[in-house]
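A short write-up of the structure that comes next.
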Protein chains: 2
Amino acid sequence: MGRGKCFGQGGWHGKFHGRGYRMTAGREAVINVLSSTKEHLSADEIFIRARKLNPDIGLTTVYRTLERLSIMGEIHRLDPGDKRARFELAESEKGHHHHLVCTKCNRIIDYDDFIDDEVKLLSETEKKLSKKYDFKINNHLIQFYGECKECAE
Amino acid sequence: MGRGKCFGQGGWHGKFHGRGYRMTAGREAVINVLSSTKEHLSADEIFIRARKLNPDIGLTTVYRTLERLSIMGEIHRLDPGDKRARFELAESEKGHHHHLVCTKCNRIIDYDDFIDDEVKLLSETEKKLSKKYDFKINNHLIQFYGECKECAE
DNA sequence: TTGTTAATGAAATTCATTTTCAATAAGGAG
DNA sequence: CTCCTTATTGAAAATGAATTTCATTAACAA
């Protein structure tokens, strides 16, 4: 039956190998957790869910996997007002989006309305800034801060 | 000779009083540090400089003052990739600007080129989002991430 | 001058994240 | 399939920014 499932869904095995890293059960669990949610989870929230897929995984491995994926550009690290970072898959079925961050409850709301103009303007600005400041731009962040409906009343 | 310097430069005394807070030597030192730099300082960097203006100030007071000023909307808290927050005066002579963040050295570069279009688009988007998500927007953040000139070679 | 209470410093505490280190396992070579 | 190199791991200890506690001090209104 051949080599079996040499590549997991999405070619993660290959992505790791291409950079000299290895695919492990722990990493697979973290990736599966991130793949199966639209939420913005913190490291320990990911840890709790990953444990259900693989009870042997340690929190340390979650942190290390998140760091690796971040370096690989496969996830985005979000820093809301509170001090725990949150993560989301860069290439999710959510597609490109920006964030509304509630400064009261730290909830993060995704939006992808109205962003076509934003993205267009951004990529133009990116080019200009890149040239002027001799800065290699890899990524951008747009966030609006305020109070969400629940916190406002 | 009247009541003397009842209001410091910028009306800070009044800003605090208007909200039921008090103006103190510690707060004045923190504000003076922030007023006299274009850098994005962390709490302990502010502490070190504030001590030169007022050797009695404690780090705790710096944190508390920064939090108060942040709530008052007088400063912006920046969260670069590393975990120490950085601060800048909201109303500085720098004027409105956005940021380029180096993901290698965590340096933050201000830019105010090209932002007229950005700001215009943003305020339109703000209105639409505000309405659609019933979200009261107070502030926005635009940042580009990448590698600065020094880190790139 | 006095009284109320916001503000303070020092020390203790919290808690997310990182480091250490010995044990384990991925996966290429043979 | 087996061996070997070394990336990866878990547990525990360490780190470090930020916060809390608490008794003391000082702002400022009356």
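Bear in mind that the values here come from a model prediction, so they are computed numbers and not experimental data. Chain A is the first sequence line, chain B the second, and so forth, proteins listed ahead of strands; every chain is numbered from 1.
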Heavy atoms from C-beta onward define the side chain here; which of C:dT8, C:dA6, C:dC21 lies closest to that of A:R64?
C:dC21
With B:H40, which of B:R86, B:E88, B:R107 fulfils side chain to side chain donor-acceptor pair (under 3.5 Å)?
B:E88
Please state whether the phosphate of C:dA7, meaning OP1 or OP2, lies under 4.0 angstrom from any side-chain nitrogen or oxygen of B:R27.
yes
So, is A:R84 near the phosphate of C:dA16, with a side-chain N or O under 4.0 Å from OP1 or OP2?
yes
Just compare D:dT9, C:dT5, D:dA18 and give me whichever is closest to any side-chain atom of B:A43.
D:dA18
If we count only N and O atoms by modelled type, under 3.5 Å, do the side chains of B:H99 and B:Q143 hold a donor and an acceptor together?
no
With the side chain defined as heavy atoms from C-beta on, A:A85 is closest, among D:dT19, C:dT17, C:dA10, to C:dT17
For B:D56, which contact category applies under a 4.0 Å heavy-atom criterion: base, sugar-phosphate, or nothing?
sugar-phosphate
Closest approach to the side chain of A:K83, judged atom by atom: which nucleotide of D:dT19, C:dG27, C:dA7 is it?
D:dT19
Among C:dT17, C:dT4, C:dG27, which nucleotide has an atom closest to any side-chain atom of A:L59?
C:dT17
Which of these nucleotides, D:dA29, C:dA25, C:dT5, is closest to any side-chain atom of B:H17?
D:dA29
Ignoring backbone atoms, test whether A:Y63 places a side-chain nitrogen or oxygen under 4.0 Å from the OP1 or OP2 oxygen of C:dT17.
yes
Side-chain N or O of B:R68 versus OP1/OP2 of C:dA7: is the shortest distance under 4.0 Å?
yes
Is the shortest side-chain N/O distance from B:T60 to OP1 or OP2 of C:dA10 below 4.0 Å?
no
Evaluate the criterion salt bridge (Lys or Arg N to Asp or Glu O under 4.0 Å) for residue pair B:D113 and A:K132; output intermediate values, then yes/no.
CA-CA 10 Å; B:D113 321 88; A:K132 168 155 186 184; 2.6 Å; yes
By nearest atom, which of the nucleotides C:dA11, C:dA7, D:dC28 is closest to the B:H13 side chain?
D:dC28
Please determine if a side-chain N or O atom of A:S42 lies less than 4.0 Å away from the OP1 or OP2 oxygen of C:dA16.
no
Across all chains, not counting sequence neighbours, the side chain to side chain contact (heavy atoms under 4.5 Å, CB included) partners of A:H17 are A:H13
